[in-house]
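What you see below is based on every heavy atom in this structure, not just the backbone, and it leaves out hydrogens, waters and symmetry mates. Chain letters run A, B, ... following the sequence lines, proteins first, then strands; residues in each count from 1.
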Amino acid sequence: MENATLFDQSYVKGTIIRILFQNNDNFYTVLKAEVIDTNEDFDDEVTVTGFLPQIAEGDTYTFTGKIILHAKYGKQLQAEKFEKDLPQSKDGIIHYLSSDLFKGVGKKTARTIVEILGEDALNIILDDKSSLDQIPKLSQDKKDLIYNTINENQAIEKVMIQLNDWGFGPQLAMKIYQFYKDDTIRVIKESPYQLVMDIEGIGFNKADELARHIGIDNNHPERLKAALVYGMEQASLQNGHTYIPDQILLETSFNLLTKNGSEVNPDALVNALTELCEEKKLLVEHEKNIYIPSLFYSETKTVQILHRLMNHQEQLKQFEQSEIMLAIGEIEQLFEVSYAEKQKEALMQAMHSKLMILSGGPGTGKTTVVRGIVTLYAELHGLSLDYNDYDGQDFPIVVAAPTGRASKRLYESTGLEATTIHRLIGWTRDNKPDDILENEITAKLIIIDEMSMVDTWLMFQLMKAVPNDAQIIFVGDQDQLPSVGPGQVFKDLIESQIIPQIELNEVYRQQEGSSIVELAHQIKRNEPFDITKRYSDRSFIPCQTDQIPEVIEKIVTSAVNKGYDMRDIQVLAPIYRGNAGIRALNKVLQKILNPPEDKKREMEFGDVVFRNHDKVLQLVNRPEDGVFNGDIGEIVGIFKAAENALNKDVVIVDYDGNEVTYTKADLIEITHAYCCSIHKAQGSEFPIVIMPVVHQYFRMLQKNILYTGLTRAKQSLIFCGDVNAFNDGIKRLGNARFTSFYQFLMDYFSTDDQKDIVKNDSDTDENKENEVFKKLPFQVGEMTEENMHLVSPMINMGDISPYDYV
DNA sequence: CTTCTCCG
């Protein structure tokens, strides 16, 4: 989005010739217009795209937005604002009012209207219908007709313009309009806070600003509720909690409500929370834990499904131990590997577990074992792993992961058609997290990799799609970065120990005696270590923050002199901004590793220059080209439009032999990769990793981030910066997440009564199950007069933080 | 302060 400001605002005034495409759900429109006026060099015709209302061919509009280069269709205007040209002149209005749109209104009446109401007649009528009373000899029918017709033609646009004035962008404005339709302006004026509840992407602050403008009371229940709901959403979406204790919610909401100096009554806030729970907009459990309902349902329902699946254990085909061992031996020969004891144990376990967890840090051989499991399963069940042999029949094994890139790696390691979990279960853009998706997975063996990245909603949706007769294996590393979405599903699942689990903890990837591995283990086990101690494969170069670029330059130069090339060297930093941030370092590194030369081609995009042989990082999934978010490649060609068949400026990027073509507009999808974020590097490894660590990164200096970064190094690890920043960071656990999945698992799997409920539940059909989903699977404490005292008013809450509760 | 998926 930041790039948007790099482009000047462009406008086109034009008459619509043809509407090429319009999506009726969101009004995404592509149209051709004849140019009347523009500040761009469009010829007589222009293609305009945007979220536009039902606009008619023949109408004249002024579109404002930015010029983009579409891969297929070339230069077009992406409209952010649009305005219909109302007839401006008296003649224009007369012509308009006497047109076919206004049946029964003749030239004479039209002229009278303009004479009396003036050039602004149309707007005057729209603002106040009774202004037509001034027109003599006009029947009520005609007044209605004139008003309604102008209104229908203008309603959406007026709403959009008003929303625009209030500061909403075009897509958001259309989303708001879609929700409230003609009531938009009324609803917002009456209760702008409704936006926080109804429209994703509108926060409390935005609504509050609007509300102050309109003059809504500081203690208005809607205001208080909005702050509470927003506080909940922040807690879940920003901090990853699936619930928060009421006191924390009350405190954060109170701070939010009063930060602009307005006074808020704490009792009123507590009442607002009670009401929200009564209205089921929020849930309260254990009389103090507050949930967004969909997260509560996801956690509880996932527990039930896991339990139900465990109860279908008997459907698994059992094999003799000797038979499995024999097959494992064959596979060892086939792949020319020799499995360690723990790995063999994992293979055995996988053959007779309904549900199983396979965990382990980087380099412990999870991939090897997964490949082994697939082959062993096929061998024992006498199945072919060739898709051609199935011809329309369901393939018995499915492998999936939460990200596109992880699924690509799964494909590479297993040879199976791996997908993202979302694709597997049919989760599309339009689905909300608690929608009930109908897709059922048809495979008998389901393997999910990178489980640490699965959040609470995705876990529920996934489990919902698992059939009773399937086996499922969860694979992952609980020490990696937590899921983006709420929860810590994998960690909770492991800690509950309700599922058989094998942890691989021997490292095969790095050589024995590697001090990098040793460091990783020490960090993992909270053992003391000296980060400044020099080893052959690891060191820490102390320096100031502003020396970072210079120090990195020295390290890289010396590595290059030793014969390493840029693909071997990866600089990892946690943040983009600042003089030691990713962006700044990329500029420095490009200069060293790929300096400009006379004949070396370049293409500018925004404030970066892409140069032939640049190392680049893909930022979004492009499954059709086999490139995924996080893939690193090298620019191998830059061509001008005149030089190629596409007739467009293009950049060619090579991803390990897979060459992908980017038009100029596509360049938004890539960035320089000399330095990349630690988050993006998760799942990759590099011979040499250089990690600057300085206080500037303060917020991001946390144990699992540092751990993830340093474990990317295969041969050599070089830190630079502030030793204290590292040592402080390694002690910080990031924000601990409040989740109840673990507790629900423990409760549910230990009580016989509940097991009975689940058995009955599993016998019922889908509809019944959906019914159960709507009800509360656990007894939920509602806030009543009797237990109100348990929700403490906001006394002495100044110093409470989530850390006090964990 | 960073991170994911979904395709109109």
*Asks:* Which whole-number value in Å describes the distance from A:Leu619 CG to B:dT2 P?
*Replies:* 13 Å
*Asks:* Among B:dT3, B:dC6, B:dC4, which nucleotide sits nearest the side chain of A:Thr403?
*Replies:*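 Between B:dT3, B:dC6, B:dC4, the one nearest the side chain of A:Thr403 would be B:dC4.
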*Asks:* What's A:Tyr576 touching, base or sugar-phosphate or nothing? Going by heavy atoms closer than 4.0 Å.
*Replies:* sugar-phosphate
*Asks:* Rounded to whole Å, please give me the gap between NZ in A:Lys408 and C1' in B:dT5.
*Replies:* 17 Å
*Asks:* Can you tell me if A:Arg423 touches the phosphate of B:dC7, counting only side-chain N or O atoms and a distance under 4.0 Å to OP1 or OP2?
*Replies:*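 Yes.
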*Asks:* A:Asn621 near the nucleic acid: base, sugar-phosphate alone, or nothing, with a heavy-atom cut-off under 4.0 Å?
*Replies:*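 Since only primed, P, OP1 and OP2 atoms lie under 4.0 Å of A:Asn621, the category is sugar-phosphate.
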*Asks:* Suppose we screen for salt bridge (charged side-chain N to carboxylate O under 4.0 Å, His left out). Which residues come up paired with A:Arg405, at least two apart in sequence or across chains?
*Replies:* A:Asp631
*Asks:* B:dT5, OP1 or OP2 - any side-chain N/O from A:Thr428 closer than 4.0 Å?
*Replies:* no
*Asks:* Quick one: list whatever passes side-chain hydrogen bond (donor to acceptor under 3.5 Å, both in side chains) with A:Thr442, sequence neighbours left out.
*Replies:* none
*Asks:* Mind calculating the distance between NZ (A:Lys680) and P (B:dT5) to the nearest angstrom?
*Replies:* 8 Å
*Asks:* Report the distance from atom NE2 of A:His679 to atom C1' of B:dT5, rounded to the nearest whole Å.
*Replies:* 16 Å
*Asks:* Taking any heavy-atom pair under 4.0 Å as a contact, classify A:Gln238: base, sugar-phosphate, or nothing.
*Replies:*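 Answer is base: heavy atoms of A:Gln238 come under 4.0 Å of a base.
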*Asks:* Of the candidate nucleotides B:dC4, B:dT3, B:dC6, which contains the atom at the shortest distance from the side chain of A:Thr420?
*Replies:*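 Within the option list, the nearest is B:dC6.
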*Asks:* Evaluate the salt bridge (Lys or Arg N to Asp or Glu O under 4.0 Å) criterion for residues A:Lys366 and A:Asp477: first the C-alpha distance (whole Å), next the side-chain angles of each, then the deciding distance (0.1 Å), finally the verdict.
*Replies:* CA-CA 9 Å; A:Lys366 293 194 297 291; A:Asp477 176 5; 5.0 Å; no
*Asks:* Is there a side-chain contact between A:Leu667 and A:Val608 in this structure, where contact means two heavy atoms from C-beta onward sitting under 4.5 Å apart?
*Replies:*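 No, side chains not in contact.
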*Asks:* Across the strands shown, which category fits A:Met453 at heavy-atom distances under 4.0 angstrom: base, sugar-phosphate, nothing?
*Replies:* nothing
*Asks:* Is it the case that A:Arg409 places NZ or CZ above or below the six-membered ring of A:Phe628, under 6.0 angstrom from the centre and within 45 degrees of the axis?
*Replies:*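 No - A:Arg409 does not lie over the ring of A:Phe628 by the 6.0 Å and 45° rule.
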*Asks:* Once you apply a heavy-atom cut-off of 4.0 Å, does A:Pro482 come out as touching a base, just sugar-phosphate, or nothing?
*Replies:* nothing
*Asks:* Parallel, tilted or perpendicular for A:His672 and A:Tyr674, by the 30°/60° rule?
*Replies:*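 Judged by the thresholds at 30° and 60°, the geometry between A:His672 and A:Tyr674 is tilted.
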*Asks:* I want to confirm an ordering. Mapping A:Pro623 and A:Arg699 to their closest nucleotides on DNA chain B, which one lands closer to the 5' end?
*Replies:* A:Arg699
*Asks:* So does A:Gln702 reach the base of B:dT2 with its side chain, donor to acceptor, closer than 3.5 Å?
*Replies:*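 Answer is no: no donor-acceptor pair is held.
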*Asks:* Using whole Å, what does the distance between atom C1' of nucleotide B:dT5 and atom CD of A:Gln618 come to?
*Replies:* 15 Å
*Asks:* What's the closest nucleotide to the A:His422 side chain, out of B:dC6, B:dC4, B:dT2?
*Replies:*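 Of the candidates, B:dC6 comes closest.
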*Asks:* Give the rounded distance in Å between these two atoms: CZ of A:Arg622 and C1' of B:dC6.
*Replies:* 17 Å
*Asks:* Report which part of the nucleic acid A:Ile575 touches: base, sugar-phosphate, or nothing (heavy-atom distance under 4.0 Å, all strands).
*Replies:* sugar-phosphate
*Asks:* Could you give the CD-to-P distance, from A:Glu450 to B:dT3, as a whole number of Å?
*Replies:*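 Atom CD in A:Glu450 sits about 16 Å away from atom P in B:dT3.
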*Asks:* OP1 or OP2 of B:dT3 less than 4.0 angstrom from a side-chain nitrogen or oxygen of A:Ser677, does that happen here?
*Replies:*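 Indeed, a polar side-chain atom of A:Ser677 lies that close.
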*Asks:* How long is the line joining CD of A:Gln682 and C1' of B:dT5, in whole Å?
*Replies:* 15 Å
